[in-house]
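A note on names: the letters A, B, ... follow the listed sequences, proteins ahead of strands, and every chain is numbered from 1.
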Amino acid sequence: MNDNYPYDQILLYINGQLQGEELSLFEELLKADKKLLAEVKLNKEIQLAVNDLSFNSYEQKLESITQQFHESDKSSSTAPKIINKKKWIALAATLLLLITCLIWLIIPKPTSEPEVLYAKYITHDFAFTQRGTENLLLEAENLLNNGNYEAALPLLNAYLEKNAEAADVIMATGLVYLELGDTDQALNIFSELKKNHPIFSNDCNWYSALVYLKNGALEQSLRTLELITPSSQRYQTAQQLIGQIQSIKK
Amino acid sequence: MDVEKENNKSSLYLEGMLQGDEKILKSIYKEFYRGVEEFVLKNSGSKDDAKDLFQETLKILFLQARDGLTIQKSFSAYLRTIYTRRWYNQINRNKKMIVSSDEDLNWESEENSEEKMIENERKLLFRKHFSMLAESCRKILGLVFEGASLNEVASKLEFSYKYVRKRSSECNKHLLNQIKKDPLFEELS
């Protein structure tokens, strides 16, 4: 995928809302770039698929019936039943399995899954540097610390429209995208921030490494963690995580 | 049950699906869900997998019915052919082994061409990835896809025009990216 494609213009073009010089330039681009043309066609197909009204209504009904069906199924399965011999055997086997699981849980063992490691290390607090009476940021901070990332995002972006260089706010935006599952966007933000504000390099490397870890790209995660300098507060934790990732790889 | 009765039942079900008739949909669930669940559980799946598979199968059937599907034989057999093929493809996708023969579906209907089937599968794939977007993306792109101008979206959602333009671009790029990353997209291209 070409990161430089004008994705907003693609949408406007499809909707017939691109005008004047912008339209002429876009049409010239389309003539010259077959990949862009394919991107426009795909976008049109997606738009039609999402905007299929009769299918939307069918899907909603199906969803509601599925829910009703499984709820009534659940309640009927919780009704008391007479247990026969076969079921007793199954129950005993389950009990045995449960005991085995408990023993397994009690025995200390190294964390092994990338996702578990990610969950263990992804912690962050949102506290912005005070900027006079910036209610926007205070509100965003509250929302973020309450986990309301969706609501905080427009506030952060509105703030950045006027203060494009506010590095800690840019950092927070990257974390918000990470929380919302848009890891590509989060990585882009961390990468740009690192370029423009080297003071944030260690933080950006740390969170980028976590994104790679989450996506299962262990090698890339290790390489990024190794960029964290010994002077950073994150250095010790990064070294610890490097060890744990290496043990997974083995 | 004789052929005529089966035929009538199939038409009734397909018609009911097209009408969004809740009674028909409920009886389809009641009659066929257990079979799907049993099949999935026997083939390394979970109850949640069975739920998803059954829903996807009913969505595909709706799209096919809308394209003029007529089932000449048993509805049950046709349903089974769809879900078993989908399930085997799903579990084999990582091994790059695709159950490619559509002949078993063709005997049922001459009106659902392979091209149409691919179109329907692509539609489901696009909708799945759209539904997985962050809520703000779904809201903005949803309105844009309906044909609203960016100014209208900005005013409706109480954002600035600049933010809507930037965000719609990011969301659109992310959506396209996620779709292209899905192994099924390559299969259907």
Less than 4.5 Å apart, any side-chain heavy atom of [X] and any of [Y]?
| X | Y | answer |
| --- | --- | --- |
| B:K59 | B:K128 | no |
| A:T224 | A:V211 | no |
| B:R86 | B:L53 | yes |
| A:L156 | A:L144 | yes |

Non-hydrogen atoms of chain B under 4.5 Å away: do they reach the side chain of [X], the backbone, both or neither?
| X | result |
| --- | --- |
| A:L160 | neither |
| A:Y149 | neither |
| A:D182 | both |
| A:S54 | both |
| A:E63 | both |
| A:N15 | side chain |

- Task: For chain A, find which of B:Q19, B:K26, B:E119 contributes the most heavy-atom pairs closer than 4.5 angstrom.
- Result: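 So the answer, after comparing B:Q19, B:K26, B:E119, is B:K26.
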- Message: Tell me which of these, B:H129, B:R122, B:E158, has more heavy-atom pairs under 4.5 Å with chain A than the rest.
- Response: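 Sorted descending by pairs with chain A, the first entry is B:R122.
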- Query: Can you list the steps and then say if B:E170 with A:Y177 is a side chain to side chain contact (heavy atoms under 4.5 Å, CB included)?
  - Reply: CA-CA 11 Å; B:E170 291 166 355; A:Y177 280 116; 2.8 Å; yes
Per-residue contact mode, [X] against chain A (heavy atom under 4.5 angstrom):
| X | value |
| --- | --- |
| B:F130 | side chain |
| B:K139 | neither |
| B:I179 | side chain |
| B:L157 | neither |
| B:L124 | side chain |
| B:Y163 | both |
| B:L150 | both |
| B:K166 | side chain |
| B:F54 | neither |
| B:S160 | side chain |
| B:M132 | neither |
| B:R34 | side chain |

- Task: List the steps, then state whether salt bridge (charged side-chain N to carboxylate O under 4.0 Å, His left out) holds for A:K61 with B:E22.
- Result: CA-CA 7 Å; A:K61 271 191 189 150; B:E22 292 197 12; 5.3 Å; no
- Item | Ring centre gap for A:H70 and B:Y33 strictly below 6.0 Å |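 For A:H70 and B:Y33, the ring centres are under 6.0 Å apart.
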- Message: Using side chain to side chain contact (heavy atoms under 4.5 Å, CB included), reason through B:I140 and B:F159 one step at a time and then give a plain yes or no.
- Response: CA-CA 10 Å; B:I140 293 176; B:F159 293 143; 4.2 Å; yes
- Please walk me through it: do B:R127 and A:E59 pass salt bridge (charged side-chain N to carboxylate O under 4.0 Å, His left out)? CA-CA 11 Å; B:R127 292 172 67 91; A:E59 236 182 16; 2.8 Å; yes
- Return the orientation label for the A:F26 and A:Y13 ring planes: parallel under 30°, perpendicular over 60°, tilted otherwise.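 The arrangement is tilted - the two ring planes meet at 30° to 60°.
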- In terms of ring plane angle, is the pair A:Y58 and B:F62 parallel, tilted or perpendicular, where the classes change at 30° and 60°?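 Parallel, since the angle between the ring planes stays under 30°.
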- Query: Is the number of heavy atoms from other residues, nucleotides or ligands under 6.0 Å of B:K181 NZ greater than 12?
  - Reply: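 Yes.
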- Query: For A:E219 and A:Y212, does a side-chain donor sit closer than 3.5 Å to a side-chain acceptor?
  - Reply: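 No, because no side-chain N or O of A:E219 sits under 3.5 Å from a partner of the opposite role on A:Y212.
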- With respect to chain B, which residue among A:L62, A:L180, A:I10 yields the maximal number of heavy-atom pairs within a distance under 4.5 Å?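 Max contact count across the listed options: A:L62.
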